[in-house]
Amino acid sequence: MKGIERFNLDTRSTLLMIIDIQEKLCNAMDSEIMAKNIRNVSILLEAANELGVPVLATEQYPAGLGGTLPELKTKIHSMPLDKMSFSCCGEESIMTTIEAS
C-alpha cells in the first residue's frame with residue numbers, strides 16, 4: 001500500500017485545465033481523432049466533477065475561433081478564461097485565477 005499513496009489526489013491542490021478545445025480549432029482536426037479527444041476529455045471532466053476537483057477552461061481568441069465545444073462546456077461549471085497569448089502562462093489573469101484557486 002505504500003507506493004499507491006503517492007497517487008492520491010488532494011483536491012485542495014489539484015486543478016483540471018481544459019485548454020482551447022474550441023469549435024474552429026476542432027473542425028480542423030481529423031474527425032476520428034477529435035471524437036476520441038472529446039470522449040477522453042468528457043471522462044476527465046466527469047471524474048473531476050465527481051471528485052470535487054476544480055475545473056478551468058481557456059479559449060484562445062474566442063471571437064475568431066469560437067467557444068469551447070458545447071458538449072464539453074455543459075460539464076464545466078465556470079466561465080472559460082479568454083486568452084490572446086498562446087501559453088496560458090502568458091496571461092496574467094489566468095495565472096491569478098490558478099493561484100486563487
Side-chain angles (χ1 to χ4, degrees):
M1 194 76 168
K2 195 175 187 181
I4 193 91
E5 292 169 0
R6 66 183 175 162
F7 296 108
N8 291 334
L9 290 177
D10 180 354
T11 58
R12 296 169 298 174
S13 62
T14 304
L15 173 75
L16 174 63
M17 283 193 70
I18 305 300
I19 301 173
D20 306 345
I21 304 183
Q22 295 166 256
E23 297 161 320
K24 288 187 181 176
L25 293 173
C26 293
N27 288 339
M29 294 180 71
D30 176 90
S31 60
E32 247 181 78
I33 292 171
M34 198 60 237
K36 288 179 184 178
N37 190 23
I38 292 169
R39 186 177 63 245
N40 291 338
V41 172
S42 290
I43 292 167
L44 283 171
L45 286 168
E46 290 166 10
N49 289 328
E50 185 71 27
L51 296 169
V53 172
V55 176
L56 294 178
T58 65
E59 293 178 344
Q60 174 75 31
Y61 181 56
L65 298 175
T68 300
L69 292 178
E71 57 264 51
L72 298 177
K73 199 170 196 169
T74 60
K75 298 175 182 183
I76 301 169
H77 304 296
S78 62
M79 294 297 296
L81 304 169
D82 294 352
K83 65 186 187 75
M84 292 298 285
S85 114
F86 181 76
S87 170
C88 292
C89 296
E91 294 289 334
E92 189 175 324
S93 62
I94 293 174
M95 296 308 294
T96 301
T97 302
I98 292 170
E99 289 169 7
S101 72

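Both backbone and side-chain heavy atoms feed into the values below; hydrogens, waters and symmetry mates do not.
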Common cluster, [X]/[Y], ILVMFWY with side-chain heavy-atom separation under 4.5 Å:
| X | Y | result |
| --- | --- | --- |
| I76 | L56 | no |
| M34 | L25 | no |
| I33 | V41 | yes |
| F86 | Y61 | no |
| M29 | I38 | yes |

Residues that D10 engages under salt bridge (charged side-chain N to carboxylate O under 4.0 Å, His left out), provided they are two or more places apart: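 D10: salt bridge (charged side-chain N to carboxylate O under 4.0 Å, His left out) contacts with R12.
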L81 and S93, any side-chain heavy atoms less than 4.5 Å apart: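 Side chain of S93 against side chain of L81, heavy atoms only: no contact under 4.5 Å found.
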Does L72 reach the side chain of L45, with side-chain heavy atoms less than 4.5 Å apart?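 When only atoms from C-beta onward are counted, L45 and L72 do touch, with a gap below 4.5 Å.
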Any donor-acceptor pair under 3.5 Å linking the side chain of [X] with the backbone of [Y]?
| X | Y | result |
| --- | --- | --- |
| S78 | V55 | yes |
| E59 | T68 | yes |
| D20 | Q60 | yes |
| E91 | M84 | yes |

Can you name the nearest heavy-atom pair linking [X] to [Y], along with the distance?
| X | Y | answer |
| --- | --- | --- |
| T11 | L51 | CG2-O, 3.3 Å |
| K83 | S85 | NZ-O, 3.2 Å |
| C88 | M17 | SG-CE, 4.0 Å |
| D82 | I94 | O-CD1, 4.2 Å |

Nearest 0.5 Å, please: how far is [atom2] in [Y] from [atom1] in [X]?
| X | Y | atom1 | atom2 | value |
| --- | --- | --- | --- | --- |
| L15 | E99 | CG | CD | 12.0 Å |
| E23 | K73 | CD | NZ | 8.0 Å |
| N49 | H77 | CG | NE2 | 3.5 Å |

Considering residues at least two apart in sequence or located in another chain, which fulfil the side-chain contact (heavy atoms from CB on, under 4.5 Å) criterion with M79?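 Partners of M79 by the side-chain contact (heavy atoms from CB on, under 4.5 Å) criterion come out as none, since no residue qualifies.
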Determine the sole option in N27, L65, L69 for which the side-chain contact (heavy atoms from CB on, under 4.5 Å) test with Q22 is passed.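 With Q22 as partner, side-chain contact (heavy atoms from CB on, under 4.5 Å) holds for just one option, L65.
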